[in-house]
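Read through the structure below, which is laid out as structure tokens, and then see the notes.
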Amino acid sequence: MLEDFISRFGIDPLPRTPVFTYLFRAVCGVFGLIGLFYVLLTRNPMGYGRMLELGGYGLLIFGLLALITGASAGITLIVYFGDGIFGVILGTLISILSLKLRKSIQ
């Protein structure tokens, strides 16, 4: 199933080694935890203080890394562009708004 999905984007078949399977599952787990972190932040953004800024900066860095590594690896633009732009725009907005909100509270 994963092979069919990946082949639609023109990516070469994935290696069938236990190490790759482990790394793929670990990466999925890490991104799941990162998603949980953002869900917790949305429940009470100001209750977590500086964690909101950290989340914004982290998302911004992720977006920039997605754009840079995707372009340098020669991957098709459709694979990484959505993640990269989403991370850059949303990370910038979260960072700017959290700084403005913190200044207005002080």
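Quick note: numbers below take in every heavy atom, side chains included, and nothing from hydrogens, waters or symmetry partners.
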Hydrophobic cluster membership, with links at side-chain heavy-atom distances under 4.5 Å among I/L/V/M/F/W/Y: are [X] and [Y] in one?
X	Y	answer
M51	I94	yes
V30	F86	yes
I85	L64	yes
Y57	L33	no
I75	L77	yes

Gap separating the [atom1] atom of [X] from the [atom2] atom of [Y], nearest 0.5 angstrom:
X	Y	atom1	atom2	answer
I89	L60	CD1	CG	11.0 Å
T17	F24	OG1	CZ	12.5 Å
L36	L40	CG	CG	4.5 Å

Nearest non-hydrogen partners of [X] and [Y], listed with the distance:
X	Y	result
F81	L67	CD1-CD2, 4.2 Å
L41	G55	CD1-CA, 4.5 Å
S95	E53	OG-O, 4.4 Å
T92	V88	OG1-O, 2.6 Å

- Report yes if the side chains of F31 and F62 come closer than 4.5 Å at any heavy-atom pair, otherwise no.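 Yes, close enough: below the 4.5 Å cut-off.
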
- Side-chain contact test, heavy atoms from C-beta onward, threshold under 4.5 Å: evaluate it for L59 versus Y38 and give yes or no.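 Result yes, sub-4.5 Å side-chain heavy-atom pair found.
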
- Message: Tell me whether I78 at atom CD1 has more than 12 heavy atoms from other residues, nucleotides or ligands lying less than 6.0 Å away.
- Response: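 Open: at most 12 neighbouring heavy atoms sit under 6.0 Å from CD1 of I78.
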
